[in-house]
Asks: 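Supplied in structure tokens, the structure appears directly below.
Side chains are part of it too, since the values below use all heavy atoms of this structure and drop only hydrogens, waters and symmetry mates.
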Amino acid sequence: MTNMMVCEVCVLRPKSLITDPEATECLECGSSFDDDYRKKHEINRHGGKRTKVKHFGASENPFDASKRKIKHIPPSVMIEEDDSYNVDNALATVCNLVGTQHQSKNSVAIEKSLDSPIIEKSELLIDKKLPINLDIVIPMQNSEKNEDEGITWLTCAGQLKLLVNEKVRTIQSIADAFLKNASDILTQTISNNSTDILYDQTEYNSLIDHDPGKREKIVTASQRHYLISLGPHQPKLTSYPRNKSINTNKQRQFSSRWYIEFPLLEYSIEKDSAYCFVCFLFPNGPDREFSDNAWVTEGVRVWHKMKSRGKNKPGKLSEHFSCSAHKAALRDYCNFMKTSCHIDVLFDQANREKSIQIQHEREYNKQVIKILMDTTRTLARKGLAFRGDGDDKNGNFIQIVELLSRHCNVIKTWLDNKSMRPYHVTYLGSRSQNEFIELLSSETRNRVIEEVKNAEIYSVLADTTPDITHQDRLAICVRYVNNNGNVKERLLEINECTNKTGFGIAKNIYDTLVRNELNPDFIAFQSYDFATSMSGQFHGAQKELSKLANHHIPYIPCQAHRINTFLEHGCNASVIILNLIGNLESLYVFFNASTKRYGILSKKLSEIEGSLQLCNLSKTRWTARAESVKAVWTSFEIILETLQEISSSNLYDRKTKSQSLALFKKITSLDFIVSIMFMKNVLYKLKALTEKLEAKELNIIDASNLIEGTIKSLENINKDSDGLDTIIDAALIFSRKIDLDPIADFNKQHHKRLIPKKIDSNPMTQSDFSLKLFYRKEFKQVLDTLINLTTEHLKITIETLKPLFNIFKMPFDNNNTCSLENVAGAVKLFPEMTNSAKIHDIDAIHAEFEILLNQCDGENLNNIFEKSESSKSILPWANRICNLALTAPVTTASDERMFSKLKLIKNYLRSKMADQRLNALMILSCEKDITDSLDIDDLVHKWATLKQRRVQL
């Protein structure tokens with residue numbers, strides 16, 4: 001043992017035995033201790049003085065380590081660039097080279113270092129191109145010599161880390177290259193052996209065109225499902241292209257009527273050819289080896305051979321749709337639609353359960369959408385608003401749905417499970433509402449268009465009015481006879497009219513007809529009011545529309561508008577009658593301008609049984625003023641009492657009392673009383689006439705008979721001087737009843753103007769002037785004007801449709817009314833492009849009419865039309881002429897009814913409504929009978945196929 005200094009805080013060990021790398025030796029006293037006790041050693045031995053120390057194993061000169069000679073690895077230790085290199089083998093080789101003398105301690109440290117995350121195998125990086133030399137020091141038996149060398153096992157581990165990591169990276173790159181080459185070879189092999197099965201992914205999922213002429217070959221089941229959801233491509237055009245290679249005396253173009261007989265028939269606009277829908281879906285399979293591929297690939301366009309050409313020559317359509325190939329394709333179509341019969345569903349219980357679950361989910365979703373769509377229909381047909389003011393939650397649509405959810409578990413579950421559906425869809429938003437509205441309106445409009453097309457001929461009715469936003473709206477209606485023989489007047493569209501000239505209105509009407517696939521060539525009549533822009537003979541809408549349609553369209557003015565205009569002119573012919581209208585209007589304004597004055601009058605009227613409230617005088621509908629005249633006459637005494645009370649009361653200001661007194665004097669004059677008693681009868685006759693003319697079912701023949709009867713009634717009044725005197729006498733009696741001296745009042749208002757004596761000195765030569773003579777003269781001026789204007793208008797109307805009036809003139813006379821000349825004239829009234837106008841056998845039509853009139857001998861006109869409808873299969877041409885008479889319009893009252901709906905739908909709260917939405921809501925509200933008959937199930941199916949939905953349907 002070697003002598004050494006001792007320190008009570010130091011660990012005293014011989015230097016030769018110290019192997020702890022943290023042991024320290026004091027250079028002043030020679031004591032050895034752990035480095036943690038250095039400070040205690042300095043305090044105890046050196047009085048806290050800082051001393052120099054030396055760490056065991058460290059050389060005195062720090063540059064000695066660089067001068068040491070390092071032995072290199074022998075060639076046997078060099079790592080070869082072999083792909084079979086193994087990390088574990090490398091570790092074993094290094095350990096063998098080092099030896100076993102100090103392996104017991106240092107090798108354990110090496111293994112721990114290699115197992116640590118610092119030198120994991122996947123993190124080793126080294127450049128394999130550089131020569132690898134490992135600095136390995138052969139340990140000496142002497143510990144002093146090991147201290148001079150200063151080599152640790154960490155040096156070996158670092159070099160090993162770089163070496164192993166590079167080899168791992170090399171192996172990975174080789175493996176990636178091998179996998180890539182294998183994948184390319186496999187892909188090429190499969191594509192060579194299965195070219196008919198493997199398709200590009202973009203082609204696999206691509207949507208297929210609906211037009212069979214543009215349609216590509218069907219590849220997947222999803223494409224079949226997509227086409228089946230769309231249905232056969234059956235466009236209905238106003239006119240189809242003609243095949244010029246076919247003779248002119250044969251069928252040269254496609255006919256949309258073939259769709260009815262052959263529902264699976266398709267037409268391609270692109271190629272002007274016909275295709276078969278199911279044969280395109282399933283072109284291959286049993287019984288289709290020798291099928292005609294033209295119905296699938298190229299299409300068929302031999303139009304003259306499509307229908308039967310004789311007893312033993314069935315047409316192309318009948319041949320194909322009855323052949324075995326078509327029936328086989330139809331069987332495949334039926335099996336394809338039955339998903340429950342698919343193999344994967346039948347043999348897999350999980351698929352069966354999933355299929356049942358999906359089916360239940362679809363039925364549930366369909367039921368919800370049906371309820372939402374039915375709610376939309378209810379709101380639309382009533383003209384109610386859907387959304388609230390700035391907040392959809394307070395709108396009628398969502399509030400009704402929430403009301404239903406409180407009583408219907410289907411809707412309640414739908415709203416409660418919103419978070420479980422993709423994107424939390426509920427289909428209650430504004431976009432979904434617009435989709436429902438547009439789908440309902442489109443289906444309604446399509447029904448109208450289909451009925452018009454089936455009727456062959458139709459009439460156009462149009463009128464304009466300003467809406468709440470001061471935009472002119474043009475309402476376009478069509479009149480036609482449906483398949484049941486009933487007359488219908490339907491709204492087609494209501495558009496903004498920016499150009500109110502004759503051409504602008506006609507162009508708007510023409511574009512609307514073309515946009516809705518109605519052929520302008522089939523317009524039989526047109527009817528508007530008598531405004532200059534409408535009725536102008538040179539530049540009016542009726543003239544311009546005939547130019548656009550390339551054929552003459554007879555113009556029938558609105559009968560109700562004309563009667564209204566004639567009444568206005570008649571009232572203007574008499575001063576006292578004109579003053580009557582002005583006084584009635586002043587009386588209405590006076591009481592309705594103040595709630596206080598109106599309250600007093602209403603209270604007094606409520607005490608009298610049968611009294612009527614004052615009515616407003618319509619500025620446009622003069623016949624509606626009969627109600628105002630009746631209200632004043634019925635409550636005349638109450639009105640006088642109220643005016644007296646107001647004029648004498650101190651509760652009103654001076655101006656009010658002055659107005660009340662002035663009105664009292666005006667209505668207590670003899671002129672007012674005589675005029676109101678006379679006009680009361682005249683206005684009610686014209687009001688009754690106008691109400692009958694506004695009926696949709698009324699035909700032009702009966703309308704003319706009604707007008708003619710009214711004219712005769714007015715002529716009888718005009719000729720009956722005694723009757724006029726009776727009215728005047730009744731007015732005199734009533735005047736005395738209200739304490740009015742009629743003679744004094746008449747003399748005050750009207751006196752005889754004598755001719756100056758220098759002109760005529762004999763007063764006996766002057767005309768007689770009396771009270772009754774004066775009023776009779778005023779009455780006759782009104783009646784003469786009204787009768788003359790109405791008679792002239794009636795003559796023009798009859799002249800326009802003279803053949804029809806002659807045929808259906810009552811009572812019937814087969815020799816005079818139903819002559820060959822009248823029948824030929826009626827045929828000329830058909831539009832030139834219709835089949836009815838092309839008939840040349842007038843004798844056959846005349847014979848049919850004689851049979852029809854003989855069956856209806858002594859009956860009215862409606863019975864004749866009903867009889868012709870019931871026997872149209874036997875007497876087709878007689879039925880067509882009857883339908884022509886029914887198609888002729890009487891009034892444009894249907895347009896006026898549309899304007900009333902317009903004010904309800906587009907009000908001041910909904911003034912920003914877009915034209916498309918306005919059109920949709922208008923047709924749903926105006927055509928309630930069609931709206932109520934819509935099939936909601938079919939609409940839900942169409943809604944589901946409009947685009948990809950986020951729920952199963």
Asks: CZ of R515: more than 12 outside heavy atoms within 6.0 angstrom?
Replies: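 Yes, CZ of R515 has more than 12 neighbouring heavy atoms, counting only those of other groups under 6.0 Å.
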
Asks: Any donor-acceptor pair under 3.5 Å linking the side chain of N516 with the backbone of L518?
Replies: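 Between the backbone of L518 and the side chain of N516 there is no qualifying donor-acceptor contact (under 3.5 Å).
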
Asks: To the closest 0.5 Å, what do you measure between CG (N499) and CD1 (I505)?
Replies: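 Going from CG on N499 over to CD1 on I505, the span is 8.0 Å.
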
Asks: I'd like to know if the side chain of E493 reaches the main chain of T512, judged simply by a donor and an acceptor atom lying under 3.5 Å from each other, with no hydrogens or angles considered.
Replies: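 No: the side chain of E493 does not pair with the backbone of T512.
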
Asks: Rounded at 0.5 Å granularity, tell me how far NZ in K366 sits from CE in M373.
Replies: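 Interatomic distance, K366 NZ to M373 CE, rounded to 0.5 Å: 12.5 Å.
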
Asks: Is K507 atom NZ crowded by more than 12 heavy atoms from other residues, nucleotides or ligands, each under 6.0 Å away?
Replies: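 No - once you tally the heavy atoms of other residues, nucleotides and ligands closer than 6.0 Å, there are 12 at most.
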
Asks: Evaluate the side-chain proximity of W943 to I936: yes if any heavy-atom separation is below 4.5 Å, no if none is.
Replies: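 Of all side-chain heavy-atom pairs linking W943 with I936, none is under 4.5 Å.
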
Asks: Run the numbers on K488 and R479 for side-chain contact (heavy atoms from CB on, under 4.5 Å), then give the verdict.
Replies: CA-CA 6 Å; K488 298 294 182 181; R479 179 185 172 99; over 6 Å; no

Asks: Counting only heavy atoms not in Q234, do more than 12 fall under 6.0 Å of its CD?
Replies: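 Atom CD in Q234 is packed in, count exceeds 12.
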
Asks: When you compare the side chain of K307 with that of L317, does any pair of heavy atoms fall below 4.5 Å?
Replies: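 When only atoms from C-beta onward are counted, K307 and L317 do touch, with a gap below 4.5 Å.
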
Asks: If I compare all heavy atoms of S868 with all of N879, which pair ends up nearest, and what's the gap?
Replies: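 Taking S868 first and N879 second, the nearest heavy atoms are O-ND2, 3.2 Å.
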
Asks: State, with a plain yes or no, whether a side-chain heavy atom of Y555 is found less than 4.5 Å away from one of Y528.
Replies: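 In short, these two side chains touch, coming nearer than 4.5 Å.
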
Asks: Give me the atom names and distance for the closest heavy-atom approach of E456 to N835.
Replies: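 Shortest heavy-atom separation between E456 and N835 comes out as OE2-N, 3.3 Å.
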
Asks: Are D521 and P831 packed together at the side-chain level, in the sense that at least one heavy-atom pair is separated by less than 4.5 angstrom?
Replies: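 Not in contact.
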
Asks: Is there a side-chain contact between I369 and V951 in this structure, where contact means two heavy atoms from C-beta onward sitting under 4.5 Å apart?
Replies: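 Counting from C-beta outward, I369 and V951 never come under 4.5 Å.
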
Asks: Indicate yes or no for a side-chain donor-acceptor contact from N508 to the backbone of L474 under 3.5 Å, with no hydrogens or angles considered.
Replies: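 No, N508 side chain to L474 backbone: no donor-acceptor pair under 3.5 Å.
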
Asks: Using the six-membered ring wherever Trp is involved, compare the ring planes of Y240 and Y267 and label them parallel, tilted or perpendicular (cut-offs 30° and 60°).
Replies: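 If you compare the ring of Y240 with that of Y267, the planes turn out perpendicular.
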
Asks: Distance-only criterion, 3.5 Å: show the donor-acceptor pairs between side-chain atoms of residues 326-333 and protein atoms not counting sequence neighbours.
Replies:
| unit_1 | atom_1 | unit_2 | atom_2 | d |
| --- | --- | --- | --- | --- |
| R331 | NH2 | D287 | OD2 | 3.4 |
| D332 | OD2 | R288 | NH1 | 2.8 |
| D332 | OD2 | R288 | NH2 | 2.5 |

Asks: So which heavy atom on A885 is nearest to which on F865, and how close?
Replies: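 Scanning both residues completely, I find the closest heavy atoms to be CB-CZ, 4.2 Å.
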
Asks: Tell me yes or no: between the side chains of S836 and R880, is some donor less than 3.5 Å from an acceptor?
Replies: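 A pair is found: one side chain offers a donor N or O, the other an acceptor, under 3.5 Å apart.
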
Asks: Report the relative orientation of the aromatic rings in H320 and W295; use parallel for angles under 30°, tilted for 30 to 60°, perpendicular for over 60°.
Replies: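 Parallel, since the angle between the ring planes stays under 30°.
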
Asks: For the backbone of I553 and the side chain of S546, can you confirm whether one donor and one acceptor N or O come within less than 3.5 Å of each other?
Replies: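 Such a contact is found between S546 side chain and I553 backbone.
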
Asks: Salt bridge or not for R377 and E443, using N-O below 4.0 Å?
Replies: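 Salt bridge: no.
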
Asks: Measure from the side-chain N and O atoms of E869 to the backbone N and O of C882, and report whether any donor-acceptor pair falls under 3.5 Å.
Replies: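 Checking the backbone N and O of C882 against the side chain of E869, no donor-acceptor pair under 3.5 Å is found.
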
Asks: Should the heavy atoms of other residues, nucleotides or ligands under 6.0 Å from NZ of K250 be counted, would the total exceed 12?
Replies: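 No.
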
Asks: If we ignore angles and hydrogens, is there a donor and acceptor under 3.5 Å between the side chains of E451 and Y480?
Replies: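 A pair is found: one side chain offers a donor N or O, the other an acceptor, under 3.5 Å apart.
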
Asks: Please identify which of these residues, R490, R381, R447, meets the side chain to side chain donor-acceptor pair (under 3.5 Å) condition with E927.
Replies: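 When side chain to side chain donor-acceptor pair (under 3.5 Å) is applied between E927 and each of R490, R381, R447, only R490 qualifies.
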
Asks: Using every non-hydrogen atom in the two residues, find where A920 and E438 come nearest and quote the distance to one decimal.
Replies: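 Closest heavy-atom pair between A920 and E438: CB-OE1, 4.2 Å.
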
Asks: Indicate whether the side chain of N919 and that of D915 have a donor and an acceptor atom separated by less than 3.5 Å.
Replies: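 On atom types as modelled, these side chains do not qualify, holding no pair under 3.5 Å.
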
Asks: Should T248 and R252 count as side-chain neighbours, where that means a heavy-atom distance under 4.5 Å?
Replies: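 Yes; the side chains approach each other to less than 4.5 Å.
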
Asks: Just by distance, with hydrogens left out, do R445 and S442 show a side-chain donor and acceptor under 3.5 Å apart?
Replies: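 Side-chain D/A pair, R445 to S442: absent.
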
Asks: Can a donor-acceptor pair be found, under 3.5 Å and without considering hydrogens, that links the side chain of S527 to the backbone of T892?
Replies: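 Checking the backbone N and O of T892 against the side chain of S527, no donor-acceptor pair under 3.5 Å is found.
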
Asks: Has S273 got a side-chain atom pairing as donor or acceptor with G299's backbone, closer than 3.5 angstrom?
Replies: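 Not a single qualifying donor-acceptor pair exists.
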
Asks: Say whether, by atom type as modelled, one donor and one acceptor occur between the side chain of Y259 and the main chain of P235 under 3.5 angstrom.
Replies: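 Indeed, once roles are kept as given, a pair shorter than 3.5 Å links the two residues.
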
Asks: For atom NZ of K872, decide whether the heavy atoms of other residues, nucleotides or ligands shown that lie under 6.0 angstrom number more than 12.
Replies: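 Result for NZ/K872: enclosed.
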
Asks: Please check: side-chain N/O of S871 versus main-chain N/O of I874, any donor-acceptor pairing under 3.5 Å?
Replies: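 Checked: no pair found.
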
Asks: With rounding to the nearest 0.5 Å, note down the distance linking CG in N519 to CE in M833.
Replies: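 It is 7.5 Å, given to the nearest 0.5 Å.
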
Asks: Test side-chain contact (heavy atoms from CB on, under 4.5 Å) on Y275 and R215; report intermediate values, then the result.
Replies: CA-CA 11 Å; Y275 293 80; R215 195 183 298 161; over 6 Å; no

Asks: What do the steps show when you test E848 against I881 for side-chain contact (heavy atoms from CB on, under 4.5 Å), and what is the final call?
Replies: CA-CA 11 Å; E848 289 186 9; I881 293 182; over 6 Å; no

Asks: In terms of heavy-atom contacts, does CD of E298 have more than 12 from other residues, nucleotides or ligands at under 6.0 Å?
Replies: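 At most 12 heavy atoms, drawn from other residues, nucleotides or ligands, come within 6.0 Å of this atom.
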
Asks: Take I839 and V827 through the side-chain contact (heavy atoms from CB on, under 4.5 Å) test and state the conclusion after the steps.
Replies: CA-CA 8 Å; I839 187 171; V827 172; 4.0 Å; yes

Asks: Whether the E363 and Q359 side chains hold a donor-acceptor pair (N or O, under 3.5 Å, no angle test) is what I'd like checked.
Replies: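 Yes, side-chain donor-acceptor contact under 3.5 Å.
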
Asks: Would D374 and K370 pass as an ion pair if we require N to O under 4.0 Å?
Replies: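 Salt bridge flag = no for K370 with D374.
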
Asks: Within the side chain of S441, is there an N or O that forms a donor-acceptor pair under 3.5 Å with the backbone of I437?
Replies: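 Here the side-chain-to-backbone pair exists.
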
Asks: Testing the basics here: between Q526 and Q542, what is the closest heavy-atom pair and its distance to 0.1 Å?
Replies: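 Of all heavy-atom pairs spanning Q526 and Q542, the closest is NE2-O, 2.9 Å.
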
Asks: Rounded to the nearest 0.5 Å, how far does NZ of K214 lie from CD of E270?
Replies: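 One finds 5.0 Å between CD of E270 and NZ of K214.
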
Asks: Any chance you could measure Q223, atom CD, to I228, atom CD1, to the nearest 0.5 Å?
Replies: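 Reported to 0.5 Å precision, the distance equals 12.0 Å.
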
Asks: Do W303 and M306 have side chains that approach each other closer than 4.5 Å (heavy atoms only, starting at C-beta)?
Replies: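 Yes, their side chains come closer than 4.5 Å.
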
Asks: Considering non-hydrogen atoms only, spot the tightest contact between L491 and I476 and give its length.
Replies: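 Between these two residues, the closest heavy atoms are CD1-O, 3.6 Å.
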
Asks: If the condition is side-chain contact (heavy atoms from CB on, under 4.5 Å), which residues does N249 pass it with, not counting sequence neighbours?
Replies: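 For N249 the side-chain contact (heavy atoms from CB on, under 4.5 Å) partners, ignoring immediate neighbours, are N247.
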
Asks: Are the charged groups of E450 and K453 less than 4.0 angstrom apart, N to O?
Replies: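 Looking at K453 together with E450, the answer is no, because their closest N to O distance does not fall below 4.0 Å.
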
Asks: So, do R473 and M922 sit near enough that their side-chain heavy atoms are less than 4.5 Å apart?
Replies: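 SC-SC contact between R473 and M922 ruled out.
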
Asks: Distance from L281 atom CG to R224 atom CZ, nearest 0.5 Å?
Replies: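 Here the rounded value is 7.0 Å.
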
